[in-house]
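The next block holds one structure in the form of structure tokens; read it before the comments.
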Number of protein chains: 2
Amino acid sequence: MRYHKVPDETIRRLPVYLRGLCSFPNDGSRSISSQQLAEVLHVKSPQVRKDLSYFGDIGTPGVGYDIQKLKKHIRTILRLNNTHCAALIGYGNLGAALLKYTGFKTFCVEISAVFEINPRKIGRVVQKIKIEDVSNISSLRKRGISVAILAIPALESQDVTDKLIDAGVGGILNFTPSYLSAPTNVKVVNIDIGVSLACLPYYLPVGA
Amino acid sequence: MRYHKVPDETIRRLPVYLRGLCSFPNDGSRSISSQQLAEVLHVKSPQVRKDLSYFGDIGTPGVGYDIQKLKKHIRTILRLNNTHCAALIGYGNLGAALLKYTGFKTFCVEISAVFEINPRKIGRVVQKIKIEDVSNISSLRKRGISVAILAIPALESQDVTDKLIDAGVGGILNFTPSYLSAPTNVKVVNIDIGVSLACLPYYLPVGA
DNA sequence: TTAGGTCTGTGAACGAGAACTCAATCACGA
DNA sequence: TCGTGATTGAGTTCTCGTTCACAGACCTAA
């Protein structure tokens with residue numbers, strides 16, 4: 001693993017590769033070429049090779065990539081070998097949907113704690129998880145939870161973010177429409193649903 | 001408006017600018033400089049100027065941008081002047097949350113139709129909207145709905161997408177974890193929640 | 001009317017990432 | 001053992017978008 005800096009875009013594609021591999025017919029051929037993988041995922045084959053080459057020699061020339069080995073390799077790179085526990089902050093409409101969302105399983109991530117500010121929701125048990133007060137966020141460090149999903153109103157987002165950072169959280173998936181200020185060693189990934197939707201009309205044909 | 005091609009990234013930032021402007025104190029100063037705007041939105045000021053300059057001379061040198069005029073201008077560019085109606089496909093956990101989501105209002109987009117494949121849900125009325133069968137998607141054209149939000153299982157995503165395209169839909173917000181094949185005149189914006197979350201552990205400090 | 005300060009618009013430099021290309025490597029069969 | 005076909009890994013080129021820097025436009029005030 002020569003240590004050039006790996007582009008963020010590459011990291012973002014790795015889960016896509018992983019999911020593609022998981023849905024690949026496991027029986028039959030044990031190997032897959034960059035071209036085959038590229039076709040399934042709708043990217044270019046040099047892209048696949050370049051992405052994977054950042055992490056050392058994974059494939060074998062003339063053959064391709066061993067499917068099982070590649071899956072394991074990507075999981076190791078992304079640190080998805082053992083199940084990661086995540087905290088969900090905000091049990092509103094979106095929060096409730098995210099808690100039930102099944103798409104995290106592929107990536108060995110599991111929501112194991114839920115926090116709320118609304119006293120009427122605190123204490124309720126949902127999906128076997130007891131909703132806690134946001135003041136309990138400080139306990140995340142000793143519980144070994146270092147990833148958080150933020151699904152609360154914009155107004156409180158920075159306050160809660162500060163609490164999360166204090167509690168040792170190193171990665172935040174931000175569904176709020178606000179910019180979150182955080183130290184460089186904390187990774188924030190933003191999902192701005194409103195903005196994503198607002199872009200669409202621009203691309204509509206002029207008549208519509 | 002000299003017609004150089006506008007980068008997608010610029011289009012994506014425009015809604016962010018718009019939201020920033022909306023939350024700006026309307027009273028007092030009527031103008032805002034690129035630097036002020038940049039500070040609020042956490043981007044660089046040349047970026048703001050460049051983005052806006054793609055669409056002609058909007059600001060006035062020595063003064064800045066007239067807030068009201070700029071808002072109107074961005075809305076015009078993004079075609080958000082009059083309310084856009086969108087169709088929601090899939091009333092599962094996520095779909096239900098999206099229907100209640102209030103973040104679309106800022107951008108004058110409103111969900112005005114809901115479709116489902118599950119017969120037990122069809123006919124129910126939610127948020128004043130009657131859930132329809134997916135076969136009704138073909139009626140979207142004459143109803144003037146050209147934007148769709150896709151929140152269904154991955155398996156059916158391409159089928160439904162084809163139906164949407166047949167019905168004249170020109171923009172799709174895709175929450176499914178699948179690649180959607182669509183003609184170039186149809187814009188697909190992907191939100192892959194699983195992938196976004198799966199990226200986070202990579203950035204955690206090595207001990208965690 | 002003019003001088004000075006402010007801020008935009010834009011061409012040019014810069015940088016990051018994607019695509020291309022090809023030498024090096026491997027499996028396999030003769 | 002050697003030759004052939006397939007495929008990777010990585011250096012190079014290309015493309016796109018961001019940042020920079022400055023000329024020119026505008027406002028204000030004297």
Side-chain angles (χ1 to χ4, degrees), chain A residues 1-14 16-17 21 24 28-71 73-74 77 179 195 199 202-203, chain B residues 1-17 21 24 29-71 73-74 77 179 184 190 199 202:
Chain A
M1 193 192 298
R2 352 252 173 298
Y3 233 87
H4 305 111
K5 188 196 171 317
V6 180
D8 277 4
E9 297 300 317
T10 293
I11 299 301
R12 185 161 178 91
R13 274 189 295 270
L14 290 183
V16 181
Y17 296 165
L21 288 167
F24 219 78
S29 58
R30 298 198 49 76
S31 278
I32 187 171
S33 72
S34 61
Q35 200 164 2
Q36 287 175 283
L37 193 54
E39 251 169 59
V40 178
L41 302 167
H42 296 89
V43 294
K44 297 276 158 59
S45 65
Q47 179 106 79
V48 173
R49 290 203 297 280
K50 178 122 249 171
D51 283 343
L52 296 176
S53 73
Y54 281 114
F55 307 97
D57 299 9
I58 302 180
T60 50
V63 180
Y65 301 90
D66 180 291
I67 295 180
Q68 293 311 313
K69 214 174 280 182
L70 180 54
K71 277 168 65 173
H73 213 115
I74 294 179
I77 295 165
Y179 171 86
V195 165
C199 291
Y202 172 82
Y203 296 96
Chain B
M1 191 193 293
R2 354 248 174 302
Y3 231 88
H4 305 109
K5 190 199 170 316
V6 181
D8 277 4
E9 297 300 317
T10 293
I11 299 301
R12 190 168 173 84
R13 273 187 297 269
L14 289 183
V16 181
Y17 297 166
L21 288 167
F24 220 76
S29 59
R30 299 200 47 77
S31 278
I32 187 171
S33 71
S34 59
Q35 200 165 3
Q36 287 175 283
L37 192 54
E39 251 169 58
V40 177
L41 302 167
H42 296 90
V43 295
K44 298 275 159 59
S45 67
Q47 179 104 78
V48 174
R49 290 202 298 279
K50 177 125 251 182
D51 283 342
L52 296 176
S53 74
Y54 283 113
F55 306 97
D57 298 11
I58 302 180
T60 50
V63 181
Y65 301 90
D66 180 290
I67 296 181
Q68 293 310 314
K69 213 174 280 182
L70 181 53
K71 275 166 68 172
H73 213 114
I74 294 179
I77 295 165
Y179 171 86
T184 53
N190 298 296
C199 292
Y202 172 82

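Quick caveat: nothing in here was measured; it's all calculated off a predicted structure. In what follows, chains carry the letters A, B, and so on, assigned in the order in which the sequence lines appear, proteins first and then strands, with residues in each chain numbered from 1.
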Item to complete: Could you check B/K50 against B/S33 and say which one's nearest nucleotide on DNA chain C is further toward the 5' end?
Response: B/S33

Worksheet item: NZ of A/K5 versus P of C/dG15: gap in Å, rounded?
Response: 15 Å

Practice prompt. Figure out the CD/P separation between A/Q35 and D/dA6, and round it to whole Å.
Written response: 11 Å

Discussion item. So B/P7, base contact, sugar-phosphate only, or nothing? Heavy-atom distance under 4.0 Å.
Written reply: sugar-phosphate

Worksheet item: Phosphate oxygens OP1/OP2 of C/dA18: is one of them under 4.0 Å from a side-chain N or O of A/Y54?
Response: no

Discussion item. Please find the pair of heavy atoms, one from B/D8 and one from B/K5, that lie closest to each other, and give the distance.
Written reply: OD1-NZ, 4.2 Å

Discussion item. Nearest whole Å is fine: how far is C/dT10 C1' from B/D51 CG?
Written reply: 13 Å

Worksheet, complete the sentence: Between CG of A/L52 and P of D/dG9 the distance, given in whole Å, is 7 Å

Worksheet item: How many Å lie between CG on A/D57 and P on D/dT7, as a whole number?
Response: 18 Å

Item to complete: Look at the side-chain N and O atoms of B/S34 and state whether any lies under 4.0 Å from the OP1 or OP2 oxygen of C/dT8.
Response: yes

Worksheet item: Distance from B/S34 atom OG to B/K50 atom NZ, nearest 0.5 Å?
Response: 13.5 Å

Worksheet item: Who passes salt bridge (charged side-chain N to carboxylate O under 4.0 Å, His left out) against A/D66, sequence neighbours left out?
Response: none

Worksheet item: Residues from residues 9-17 of chain B sitting under 4.0 Å of DNA chain D, heavy atoms only?
Response: B/E9, B/R13

Worksheet item: With sugar-phosphate meaning primed atoms plus P, OP1 and OP2, does A/I58 contact a base, only sugar-phosphate, or nothing at under 4.0 Å between heavy atoms?
Response: sugar-phosphate

Worksheet entry | Rounded distance in Å - CZ (B/F55) to P (C/dT10) | 13 Å

Practice prompt. Indicate the atoms forming the closest heavy-atom contact of B/R12 with A/V195, along with that distance.
Written response: O-CG1, 3.5 Å

Worksheet item: Is B/Q47 near enough to D/dT19 that one of its side-chain N or O atoms lies under 4.0 angstrom from OP1 or OP2?
Response: yes

With a cut-off of 3.5 Å and sequence neighbours excluded, list every side-chain donor-acceptor pair involving residues 37-44 of chain B.
{"from": "B/H42", "atom 1": "ND1", "to": "B/V40", "atom 2": "O", "distance (Å)": "3.3"}

Discussion item. Tell me whether the side-chain N or O atoms of A/R49 pair up with the base of C/dT21 as donor and acceptor below 3.5 Å, since no angle test is needed here.
Written reply: yes

Discussion item. On a heavy-atom basis, which atom in A/I74 and which in A/L14 lie closest, and how many Å separate them?
Written reply: CG2-O, 3.8 Å

Discussion item. At 4.0 Å (heavy atoms only), tell me whether B/D8 reaches a base, stays on the sugar-phosphate, or touches nothing.
Written reply: sugar-phosphate

Practice prompt. Of all the heavy-atom pairs spanning B/Y17 and B/L52, show the shortest one and how long it is.
Written response: CD1-CD2, 4.4 Å

Discussion item. Please report the distance, rounded to the nearest Å, between NZ in A/K44 and P in D/dC16.
Written reply: 12 Å

Worksheet entry | For A/T10, side chain to side chain contact (heavy atoms under 4.5 Å, CB included) partners two or more places apart | A/V6, A/P7, A/R13, A/D51, A/Y54, A/F55

Worksheet item: If you look at every heavy atom in B/Y65 and B/L70, which pair is closest and at what distance?
Response: CB-CD2, 3.8 Å

Practice prompt. Quick one, give me the B/S/- string for nucleotides 23-28 of chain C, reading 5' to 3', where B means a protein heavy atom under 4.0 Å from the base and S means that only happens at the primed atoms, P, OP1 or OP2.
Written response: --BSS-

Worksheet item: Do you know which two heavy atoms are closest between B/S45 and B/Q35, and how far apart they sit?
Response: CB-CA, 3.8 Å

